[in-house]
Amino acid sequence: MRYPDKIFSKANLFQSIWNTEYLNEDNTLNVHISNLRNKMKALGPDEEYIDTVWGIGYRLHKAED
């Protein structure tokens with residue numbers, strides 16, 4: 001939340017959360033992001049909270065003014 005414009009790589013997120021080396025073929029992070037998105041849908045079904053940046057990672061969705 002401190003860095004709304006920052007794109008977090010999958011490796012960076014994985015290492016920060018689980019404190020272990022990220023393996024490119026590991027689907028663990030994708031499953032957790034999917035679960036977070038599903039839980040956040042309960043807060044606002046028409047809102048997006050996490051954007052996928054293909055080939056890089058994820059970032060927080062910018063709210064349109």
Side-chain angles (χ1 to χ4, degrees):
M1 300 302 284
R2 290 184 217 156
Y3 308 103
D5 296 327
K6 183 174 178 171
I7 298 171
F8 295 92
S9 71
K10 289 183 176 186
N12 178 264
L13 288 170
F14 195 92
Q15 290 170 352
S16 295
I17 295 167
W18 289 286
N19 200 24
T20 187
E21 185 178 350
Y22 174 70
L23 304 173
N24 289 334
E25 301 301 320
D26 193 340
N27 200 33
T28 303
L29 186 60
N30 295 339
V31 171
H32 283 285
I33 294 292
S34 177
N35 289 338
L36 283 172
R37 285 181 170 146
N38 290 333
K39 289 177 181 182
M40 290 175 164
K41 283 288 183 188
L43 300 173
D46 297 329
E47 297 290 328
E48 292 292 329
Y49 296 97
I50 301 172
D51 291 332
T52 299
V53 181
W54 294 105
I56 300 174
Y58 301 96
R59 71 173 166 215
L60 296 174
H61 184 78
K62 286 186 179 181
E64 295 180 13
D65 296 329

*Who else is in Ile56's hydrophobic cluster (ILVMFWY, side-chain heavy atoms under 4.5 Å, direct or via others)?*
Ile7, Val53
_Crowding at CG, Asn35 (>12 non-hydrogen neighbours, <6.0 Å)_ = yes
*At what distance, to the nearest 0.5 angstrom, does CG of Leu13 lie from NZ of Lys10?*
10.0 Å
*asked:* Looking at every heavy atom in both Glu48 and Lys41, which two are closest together, and how far apart are they?
replied: OE2-NZ, 3.3 Å
*Once you round to the nearest 0.5 Å, how far does OG1 of Thr52 lie from CZ of Arg37?*
3.5 Å
*asked:* Run the side-chain hydrogen bond (donor to acceptor under 3.5 Å, both in side chains) test on Asn30 and Tyr58 for me, step by step, so that the C-alpha distance in whole Å, both residues' side-chain angles and the decisive distance to 0.1 Å come before the verdict.
replied: CA-CA 10 Å; Asn30 295 339; Tyr58 301 96; 3.0 Å; yes
*asked:* If hydrophobic clusters are built from ILVMFWY residues whose side chains come within less than 4.5 Å, do Val31 and Leu36 share one?
replied: no
*Quick one: pull up OG in Ser34 and NZ in Lys39 and give me the separation to the nearest 0.5 Å.*
11.0 Å
*asked:* For His61 versus Asp51, what's the shortest heavy-atom pair and its separation?
replied: ND1-OD1, 2.8 Å
*Can you pull the ring pair (Phe, Tyr, Trp, His ring centres under 6.0 Å) pairs that have at least one residue in residues 21-40, sequence neighbours excluded?*
Phe14-Tyr22, Trp18-His32
*Contact summary for Thr20 and Gln15, nearest pair of heavy atoms*: O-CG, 3.2 Å
_Within this structure, what is the CG-CZ distance for the pair Leu29 and Phe8, rounded to the nearest 0.5 Å?_
12.5 Å
